[in-house]
Colleague: 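Submitted below is the structure of interest, expressed as structure tokens.
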There are 2 protein chains.
Amino acid sequence: MATIKDVAVKAGVAISTVSAVINRSAPVSEDVIARVEAAISAIGYLPHGAAKALRSGNSRLIGVILPDITNPFFSMVARVIETVCMKAGYMTFVYNTDEDPQHEMHILRMMRMQRVAGMILISTRSDAEHGRRLMAEINVPTVLFSSAVPVTPYDAITLDERKASRLAIDYLAGLGHRRIGVVSGRPLVSTHEERLESCLEALAAHGIPPQPDLIVAANFDQQQAFEATRALLALPDPPTAIFAFSNLMLIGVMRALVTSGRSCPRDISLVGVGDFDWPEIMNPQVTVVSMPAAQMAEFTIATLLAEIAGKRPPTGKRTLFPPELIVRASCASAELMPSQKRRQPARAE
Amino acid sequence: MATIKDVAVKAGVAISTVSAVINRSAPVSEDVIARVEAAISAIGYLPHGAAKALRSGNSRLIGVILPDITNPFFSMVARVIETVCMKAGYMTFVYNTDEDPQHEMHILRMMRMQRVAGMILISTRSDAEHGRRLMAEINVPTVLFSSAVPVTPYDAITLDERKASRLAIDYLAGLGHRRIGVVSGRPLVSTHEERLESCLEALAAHGIPPQPDLIVAANFDQQQAFEATRALLALPDPPTAIFAFSNLMLIGVMRALVTSGRSCPRDISLVGVGDFDWPEIMNPQVTVVSMPAAQMAEFTIATLLAEIAGKRPPTGKRTLFPPELIVRASCASAELMPSQKRRQPARAE
DNA sequence: CATCGTGGTCGAAACGTTTCGTGAAAAAGT
DNA sequence: ACTTTTTCACGAAACGTTTCGACCACGATG
């Protein structure tokens with residue numbers, strides 16, 4: 001491979017001069033610029049990223065750590081980040097954790113070895129102990145997305161989780177539902193904790209006491225949501241509506257409904273959080289609490305870039321974005337439902 | 001940040017000795033190993049990736065270039081690659097091209113600046129001119145996935161595209177369909193060209209002459225497939241079945257059906273290529289030609305890793321994987337369809 | 001006329017590793 | 001007891017850049 005030295009001899013100038021024209025870091029005469037550029041394209045020179053990074057102490061690399069790129073929400077976020085970063089002259093490493101804290105630590109280590117200039121961390125555990133281990137491992141500008149880890153000095157960008165729950169529960173309760181199943185996420189994840197807490201508050205506000213048997217945790221996992229819903233439906237007095245904490249879990253719930261021969265919204269109503277790209281092709285078209293995902297992603301990467309540039313120091317603050325209820329066809333009034341007596345408990349299995 | 005030198009002084013040994021214990025690249029006494037390891041964890045030393053890469057000439061980086069990570073097919077492939085690479089001690093750069101050749105070239109350049117050890121290139125244009133430009137830019141072990149560029153020395157892993165078309169057309173023709181719409185991809189992409197060619201062959205084998213007005217190209221794009229389908233449905237004599245060349249385009253077709261008030265499979269039958277994760281929640285559940293995506297991805301990365309390790313030189317050969325027809329509920333016998341006379345042409349717009 | 005920038009160029013040091021040749025000490029062979 | 005081999009540790013060079021101080025020529029300033 002050609003090096004900067006080859007360019008220098010070909011153009012008949014010093015190495016440092018070539019560097020100056022490449023980076024426009026010092027004044028160079030028109031004449032020399034032309035010669036150097038000619039030499040560069042003549043021998044097909046491409047700077048060596050690692051050498052640049054080593055010497056300049058700036059890798060121009062950004063790490064993105066997320067639960068699962070297979071989830072359309074995260075892949076969309078990753079694309080936004082990639083695009084913005086590329087424009088700013090940064091490359092991105094995107095890595096999946098599957099929400100496994102140990103794996104997450106490993107990835108963090110790899111990113112630090114690459115001396116990333118900054119990181120975006122999505123949806124990790126958020127208990128204090130994990131927070132401390134995280135902080136020990138991170139010492140690079142970082143912003144948290146879609147989750148809030150306590151006791152960190154890092155900025156966080158999230159949905160207004162409490163409002164999201166309220167939107168869903170108010171809607172369902174407004175339709176007359178009193179037995180509302182909640183397919184929640186994973187304990188210790190802030191998204192889960194906050195949504196769950198305000199779910200209970202919203203239910204209470206409608207005079208509905210906590211019904212522990214209707215609240216199941218499915219770890220933000222599609223298959224677990226499927227199984228949890230099967231269990232919910234097998235209850236002697238099953239819920240008339242279900243609120244699922246994520247898009248993938250909503251899919252799990254829907255699969256459980258078709259497997260059990262339930263029709264939505266005739267037999268049961270459904271609300272999820274997180275929208276889908278093509279709701280028209282789903283059966284039924286689901287009512288969801290949507291989030292301004294693209295804007296959130298843009299704000300996140302802008303915050304990180306500003307912090308890296310040293311323009312804005314980390315404030316440790318949290319920025320909330322407002323959710324929105326999108327009503328489609330997966331909910332019906334509780335009064336219009338066929339009486340629960342008429343329906344048999346799901347066949348034993 | 002701590003350097004290897006700090007470790008060396010802390011452990012009271014030479015720098016080269018520390019390097020030897022980190023990389024197990026030379027015999028070191030138990031005693032010294034212990035001292036060095038203690039020093040490493042004491043000061044929290046992490047090797048500097050760029051320095052390693054620069055000196056050793058091995059970045060341990062692999063580039064993955066794909067059209068769009070948002071497409072579930074590609075995100076799944078990316079995950080498989082990430083996992084396998086991580087086990088082999090490589091990190092991955094995943095980048096989106098949106099099938100834009102110019103952007104693709106730019107990404108290629110960035111990857112070469114990072115001195116990636118190898119690349120996986122997915123679904124690019126495959127005409128000879130682009131192939132030449134590509135070859136000028138690439139000089140690193142590479143394997144092509146899901147597309148074949150002619151005149152390259154690189155291995156390619158693809159579906160057996162001809163069989164995929166045959167499976168779909170045989171099935172549809174077997175149901176009695178004679179007017180079969182084809183929502184194809186993008187000219188110059190091998191996947192498109194081969195599928196289209198064998199579509200025509202398969203149609204001919206069933207005594208169906210080419211019907212140019214029923215064949216539309218939608219660039220593998222969901223929205224374009226939507227529009228193309230609208231046009232197809234507005235034809236005086238619309239098709240009774242549609243074959244879409246990709247998962248996303250199939251979604252576009254389905255959206256067009258919904259928007260036009262067509263019911264599938266009553267009014268029109270549908271086959272796509274590429275399966276969906278949760279077909280149960282779709283309306284209707286689609287019949288598709290599926291591909292063994294995970295196995296293909298594993299084979300691809302294994303091939304690349306072997307080539308990087310120098311175990312297997314690039315053969316320039318192409319490996320085909322067999323597609324499979326998965327029959328679900330989106331196709332009906334042409335004879336059972338309401339007569340086409342009874343149906344009005346789609347309302348003008 | 002002496003002095004002071006200033007635009008343009010250069011050479012060399014440094015970034016944090018790996019690698020290779022050297023050599024001392026210990027182990028093995030005669 | 002003397003060589004030969006093996007084992008372990010070391011020092012220094014090199015990887016391809018950036019960056020900084022030095023230098024020179026030249027026009028501007030006092």
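Quick note on labels: first sequence line is chain A, next is B, and so on, each numbered from 1.
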Colleague: Between A:Thr319 and A:Asp155, does any side-chain donor sit less than 3.5 Å from a side-chain acceptor?
Modeller: no

Colleague: Not counting sequence neighbours, list each pair that qualifies as a side chain to side chain donor-acceptor pair (under 3.5 Å) and has a residue in residues 77-92 of chain A.
Modeller: A:Arg79-B:Asp68, A:Arg79-B:Asp98, A:Glu82-B:Asn96, A:Thr92-B:Tyr95

Colleague: Can you pull out every ring pair (Phe, Tyr, Trp, His ring centres under 6.0 Å) where at least one residue sits in residues 37-75 of chain A? Sequence neighbours excluded, please.
Modeller: none

Colleague: Where the side chain of A:Arg60 meets the backbone of A:Ala88, is there a donor-acceptor pair that is under 3.5 Å apart?
Modeller: yes

Colleague: Ignoring hydrogens and geometry, is there a side-chain-to-backbone donor-acceptor pair from B:Thr142 to B:Val140 under 3.5 Å?
Modeller: yes

Colleague: Does the A:Arg115 side chain pair with the main chain of A:Arg112, one donor and one acceptor, at a distance under 3.5 Å?
Modeller: yes

Colleague: Heavy atom of residues 12-21 of chain B under 4.0 Å from DNA chain C: which residues?
Modeller: B:Ile15, B:Ser16, B:Ser19

Colleague: A:Asn23 side chain to A:Ser25 main-chain N or O, any donor-acceptor pair under 3.5 Å?
Modeller: no

Colleague: Which residues in residues 46-55 of chain A have a heavy atom closer than 4.0 Å to any atom of DNA chain D?
Modeller: A:Leu46, A:Pro47, A:His48, A:Ala51, A:Lys52, A:Arg55

Colleague: Looking at B:Ser146, is its backbone amide N or carbonyl O close enough to the side chain of B:Thr158 to form a donor-acceptor pair, meaning the two atoms are under 3.5 Å apart?
Modeller: no

Colleague: Would you say the side-chain atoms of A:Thr17 pair up with the backbone N or O of A:Val13, donor to acceptor, closer than 3.5 Å?
Modeller: no

Colleague: Go through DNA chain C in 5' to 3' direction and return only the first and the last nucleotide with some atom under 4.0 Å of chain A's heavy atoms.
Modeller: C:dG8 to C:dG16

Colleague: Classify the ring geometry of B:Phe93 against A:Phe93: parallel below 30°, tilted from 30° to 60°, perpendicular beyond 60°.
Modeller: parallel

Colleague: For the helix from C:dC1-D:dG30 to C:dT30-D:dA1, measure the angle between the helix axis at one end and the axis at the other, each built from five pairs, rounding to 10°.
Modeller: 40°

Colleague: Any sub-3.5 Å donor-acceptor pair from B:Ser190's side-chain atoms to B:Ala148's backbone N or O?
Modeller: yes

Colleague: Does any N or O in the side chain of A:Asp6 come within less than 3.5 Å of the main-chain N or O of A:Thr3, such that one atom is a donor and the other an acceptor?
Modeller: yes

